[in-house]
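Inspection log for the structure reproduced underneath, given as structure tokens.
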Amino acid sequence: MKNTIGSSVTRVEDARLLTGQGQYIDDVGTPRNTAHAAIVRSTYPHAIIKSINVSEALLVPGVKGVITGKDIQPFLNPFSVGVSAPVKYYPIAIDKVRYVGEPVAVVIAKDRYIAEDAAELVKVKYEMLSPIVDIEKAMQEDAPILHENVGSNIANHRSFHYGEVTKAFAEADQIIKHKFHFPKYSATPVETYGIIAQYENSTDKYTIHANFHGPFIIQSVMAGALKIPSNKLRIIVPKDIGGSYGIKAGTFPYMVLLAVASRILGCPVKWIEDRQEHLAASSSGTDRVTYIEAAVRQDGKVLGLKMKMIDNVGAYIRAPEPACLYRTHANTTGAYDVPNLQIDGYVVMTNKLPTGLIRGYGGQELYFPLERIMQMVAFKLGLDPAEVIEKNLIKSDQFPYKTASGGIYDSGNYEKAFQLALDTGQYKEFRLKQAEARSKGKIFGVGLACIVEPSGSNMGYITIALTPEERAGSLPKSGCTEAATVSMDPMGCVNVRISTAPTGQGHETVAAQIVADVLQIPADQINVVAELDTSTSPWSIASGSYSSRFASLGSSAVYLAAQKVRKKILQIGAHHLKVPEEDLILENGSIISKKYPSKKWTLKRAAGSAHWNPLSLPEGMQPGIYETYYYTAKIAEPPDENELINSSITYGFVADLVTVEIDPDTGEVTILDYVTIHDAGKLLNPMIVDGQIFGGLVHGLGGALYEELAYDEKGQFLTGSFMDYLCPTAPEIPNITIKHIETPSPVTPLGAKGLGEGNTMSAPAAIANAVSDALKPYGVTIDTLPLSPDKIWKLLSEQKVTNT
């Protein structure tokens with residue numbers, strides 16, 4: 001049978017999704033007597049709650065109850081956090097609100113309509129406090145303090161020195177430095193948050209259905225907050241989730257909130273988030289201020305980097321933060337051979353929506369200043385940006401490459417991929433067109449970006465937020481475990497159970513491809529179960545859908561579980577056919593002897609004997625065919641005493657080339673062409689791969705040109721609807737050319753690396769470089785996003801006034 005791994009097999013999920021048979025959270029059947037919730041939210045960014053009057057709301061027919069922070073506090077502990085600062089975070093405000101949109105009360109009624117009407121009758125009296133939204137101002141000693149018990153708005157601060165930074169800067173011909181600001185933006189999946197929570201008094205157990213893409217470490221965080229053993233918290237995730245892009249990790253505070261509401265009122269509770277709630281109060285990536293300095297030789301070689309990164313995590317640092325700051329720690333120097341690195345990292349709290357996972361989390365914030373400074377090096381030295389990139393790229397003979405901060409880049413040929421980007425995008429030809437266009441008054445620009453895409457997070461990376469002394473006081477954290485189960489029933493039919501909580505990436509299809517190849521049966525004979533149930537599914541502390549971990553980790557667990565099934569089948573066949581196991585192969589649903597082809601047995605017969613006739617099995621073999629494999633990579637070690645950490649398992653590569661034209665009268669940026677080259681090791685399904693790349697690129701395009709969760713200086717939220725929070729739609733998508741090279745990973749059994757987040761990380765930097773290149777004759781420097789027409793127009797206008 002022909003192998004299907006590496007083929008563009010049509011997605012098995014699409015048949016049900018395109019015919020309206022998907023099972024999303026709102027399609028899950030509700031238990032008897034389920035009530036519905038509406039959440040009352042703060043309209044103030046920073047205030048003391050003086051009183052909450054719920055009397056009028058309780059009089060509305062159909063209302064079952066109204067719950068406030070004081071009601072839930074006896075049932076909960078504050079959520080645990082990954083830093084030493086004693087930040088107390090509950091899923092609802094207790095005595096003080098710290099951002100616009102923070103829950104202050106939950107109205108529970110027999111239907112959502114009644115609950116919404118009653119919510120308008122809840123009267124909350126506030127005492128206003130001074131808000132703070134600016135990242136750097138929040139660090140000042142006289143700034144308003146969000147958490148008095150912490151005593152500062154700085155939740156975490158770590159400094160790292162790798163190599164000989166002082167020497168590198170002393171020997172440099174030039175030191176080029178700049179300050180950059182990356183905006184706070186989100187993801188806008190078609191399906192918003194959804195939860196059905198039920199407390200069972202007889203067992204003291206919580207069962208929660210949610211479109212949560214965990215469970216990973218958050219299941220333990222939730223159980224701790226609910227004051228219960230972890231096996232008393234059952235989380236069930238439906239097989240279909242209408243997109244996440246990381247954002248649905250942020251469902252967990254609401255899962256706990258609704259769980260306690262169910263306990264207090266004695267009935268199941270359902271809540272489906274609306275779009276305005278999602279924008280104002282779900283989650284987002286961090287906005288970050290970065291001060292970056294590059295020590296460079298006159299030929300463009302970067303000798304060392306200093307980076308001061310200040311992340312704004314919003315009103316509370318909540319799990320899994322400070323992930324955005326530390327997830328990319330190992331790849332801080334990106335695709336460049338820079339042996340000397342200094343990092344000064346801060347995590348700061350302000351009166352904004354709390355942050356969490358988002359597609360590419362940490363990557364877009366890192367690569368925006370890193371790729372911008374590489375272009376600035378070129379401009380300062382009078383070199384072509386492509387020349388500076390080529391000078392600094394890690395060379396193919398350096399792999400596996402160890403970064404200054406401890407990352408182990410498993411494989412790659414960055415020079416080849418970058419040259420393919422230059423050739424495909426006709427870089428030299430565009431430079432000639434650009435010169436001609438400028439002579440006619442047009443504003444053309446070309447931008448480049450080369451980034452490393454980490455995938456499969458090492459769970460030890462989060463502990464880099466702690467000092468070595470703090471880490472020594474607890475159990476070391478490491479690994480990247482993912483689990484899968486492959487089973488064969490008495491009729492020889494195959495079921496596969498995965499725990500990666502897919503949100504549209506096609507995990508079912510690829511899992512079926514892998515098992516089909518291993519067992520040599522048609523993929524349409526394999527049923528993949530993608531529903532996650534923490535009480536019955538195989539999972540571990542790392543399981544879930546984030547960090548592009550399916551290709552590197554999920555697929556590995558499926559492959560190795562299938563290999564266990566294959567071995568057992570061959571052992572059964574060898575026993576019955578009386579031939580050595582190594583003489584047997586699987587082919588077209590049969591076990592066949594290579595030496596004596598007439599000796600064969602069907603998989604169905606082998607499976608039948610394992611179930612129907614266990615006494616016929618080889619001595620010591622257990623009945624049935626049900627194999628689970630927990631996969632982790634050996635290179636996912638804890639941070640060492642020198643603060644080195646390989647924070648991800650595999651590292652792909654992305655090279656982008658984008659060309660733009662800017663309208664001088666309006667400031668509008670038009671993307672003329674976009675070329676992106678990817679090396680993600682072995683591609684498991686190229687069609688799915690390209691679909692993920694398109695999605696990631698559009699998300700990055702949004703962050704570059706349109707999207708920002710904006711607040712005014714008083715902490716009021718300004719972008720609460722799609723009238724103000726602009727997302728790219730079909731007409732805004734440029735011409736995109738995708739090409740691949742494949743350097744298989746030696747770390748994973750299939751040679752695959754994760755992808756799908758790469759262009760979310762690279763596009764903001766590449767587009768900013770293109771705009772900066774276009775505006776170079778005008779003396780304009782791009783150091784913040786998004787590049788909206790009004791922002792570009794103001795920059796051009798200011799420069800014209802200055803020149804005048």
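Predicted model only: the values in this text are computed from it and were never measured.
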Could you tell me the separation between the [atom1] atom of [X] and the [atom2] atom of [Y], rounded to the nearest 0.5 Å?
| X | Y | atom1 | atom2 | value |
| --- | --- | --- | --- | --- |
| T355 | R288 | OG1 | CZ | 10.5 Å |
| I408 | I645 | CD1 | CD1 | 9.5 Å |
| K791 | E708 | NZ | CD | 5.5 Å |
| D665 | W793 | CG | CH2 | 10.0 Å |
| D783 | H178 | CG | NE2 | 3.5 Å |
| R158 | I343 | CZ | CD1 | 10.5 Å |

(request) For a side-chain contact (heavy atoms from CB on, under 4.5 Å) with V388, tell me which candidate from V296, L383, L448 qualifies. (result)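 With V388 as partner, V296, L383, L448 yield a single side-chain contact (heavy atoms from CB on, under 4.5 Å), made by L383.
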(request) Let me know which of S647, P322, P639 forms a side-chain contact (heavy atoms from CB on, under 4.5 Å) with I462. (result)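 By the side-chain contact (heavy atoms from CB on, under 4.5 Å) criterion, I462 pairs with just one of S647, P322, P639: P322.
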[X] vs [Y] side-chain heavy atoms within contact, under 4.5 Å:
| X | Y | answer |
| --- | --- | --- |
| Y367 | T328 | no |
| D656 | I451 | no |
| M376 | I292 | no |
| D337 | K395 | no |
| F550 | S545 | no |
| I310 | M139 | yes |
| I247 | S186 | yes |
| F379 | P385 | yes |

Would you say [Y] and [X] are linked by a side-chain donor-acceptor pair, where the criterion is simply a distance under 3.5 Å?
| X | Y | value |
| --- | --- | --- |
| D344 | H157 | yes |
| S457 | S547 | yes |
| E371 | Y336 | yes |
| T286 | N312 | no |
| N769 | S772 | no |

(request) Give the C-alpha distance, both sets of side-chain angles, the deciding distance and a yes or no for side-chain contact (heavy atoms from CB on, under 4.5 Å) between F160 and M307. (result) CA-CA 10 Å; F160 307 90; M307 300 179 75; over 6 Å; no
(request) Kindly confirm or rule out a cation-pi arrangement of K433 over F444, judged by NZ or CZ under 6.0 Å from the six-membered ring centre and within 45° of its axis? (result)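 Output no; distance or angle outside limits.
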(message) Would R327 pass as a cation-pi partner of Y361, given that its NZ or CZ must be under 6.0 Å from the six-membered ring centre and within 45 degrees of the axis?
(response)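 The answer is yes, since R327 meets both limits relative to Y361.
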(message) Just checking E668: does its CD atom have more than 12 heavy atoms from other residues, nucleotides or ligands closer to it than 6.0 angstrom?
(response)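 No, the 6.0 Å shell around CD holds no more than 12 heavy atoms from other groups.
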(request) Count the heavy atoms of every other residue, nucleotide or ligand shown that sit under 6.0 Å from NZ of K416, and state whether that count exceeds 12. (result)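 Open.
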Between [X] and [Y] (side chain of the first, backbone of the second, donor and acceptor by atom type, cut-off under 3.5 Å), is there such a pair?
| X | Y | result |
| --- | --- | --- |
| S478 | P638 | no |
| S455 | G754 | yes |
| D410 | V747 | no |
| T403 | A330 | yes |
| E453 | G756 | yes |
| E365 | G362 | yes |
| N458 | G479 | yes |
| E757 | T760 | no |
| S405 | H329 | yes |
| S411 | P744 | yes |

Please give me the minimum heavy-atom distance between [X] and [Y], naming the atom from each residue.
| X | Y | answer |
| --- | --- | --- |
| G407 | N646 | CA-OD1, 3.5 Å |
| A187 | I358 | N-CD1, 3.9 Å |
| D773 | R438 | O-NH2, 2.7 Å |
| Y162 | N642 | CE2-O, 3.8 Å |
| A655 | C450 | CB-SG, 4.1 Å |
| T188 | C727 | OG1-SG, 3.6 Å |

(message) For L795 and Y778: C-alpha separation, side-chain torsions, deciding distance, then whether side-chain contact (heavy atoms from CB on, under 4.5 Å) applies.
(response) CA-CA 9 Å; L795 287 170; Y778 300 87; over 6 Å; no
(request) Go through the steps for M761 and V654 under the test side-chain contact (heavy atoms from CB on, under 4.5 Å), then give the verdict. (result) CA-CA 9 Å; M761 306 176 194; V654 181; over 6 Å; no
(message) With a 4.0 Å cut-off on N to O distance, would you call R297 and D299 a salt bridge?
(response)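 Salt bridge present between R297 and D299.
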(message) Closer than 4.0 angstrom, basic N to acidic O: yes or no for K440 and E436?
(response)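 Salt bridge between K440 and E436, a charged N being under 4.0 Å from a carboxylate O: yes.
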(request) Compute the ring centroids of F399 and Y414, then answer whether they are less than 6.0 Å apart. (result)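 Ring centroids of F399 and Y414 are less than 6.0 Å from each other.
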(request) Evaluate side-chain contact (heavy atoms from CB on, under 4.5 Å) for K753 paired with T743, printing each intermediate quantity in order. (result) CA-CA 10 Å; K753 307 180 186 186; T743 55; 4.3 Å; yes
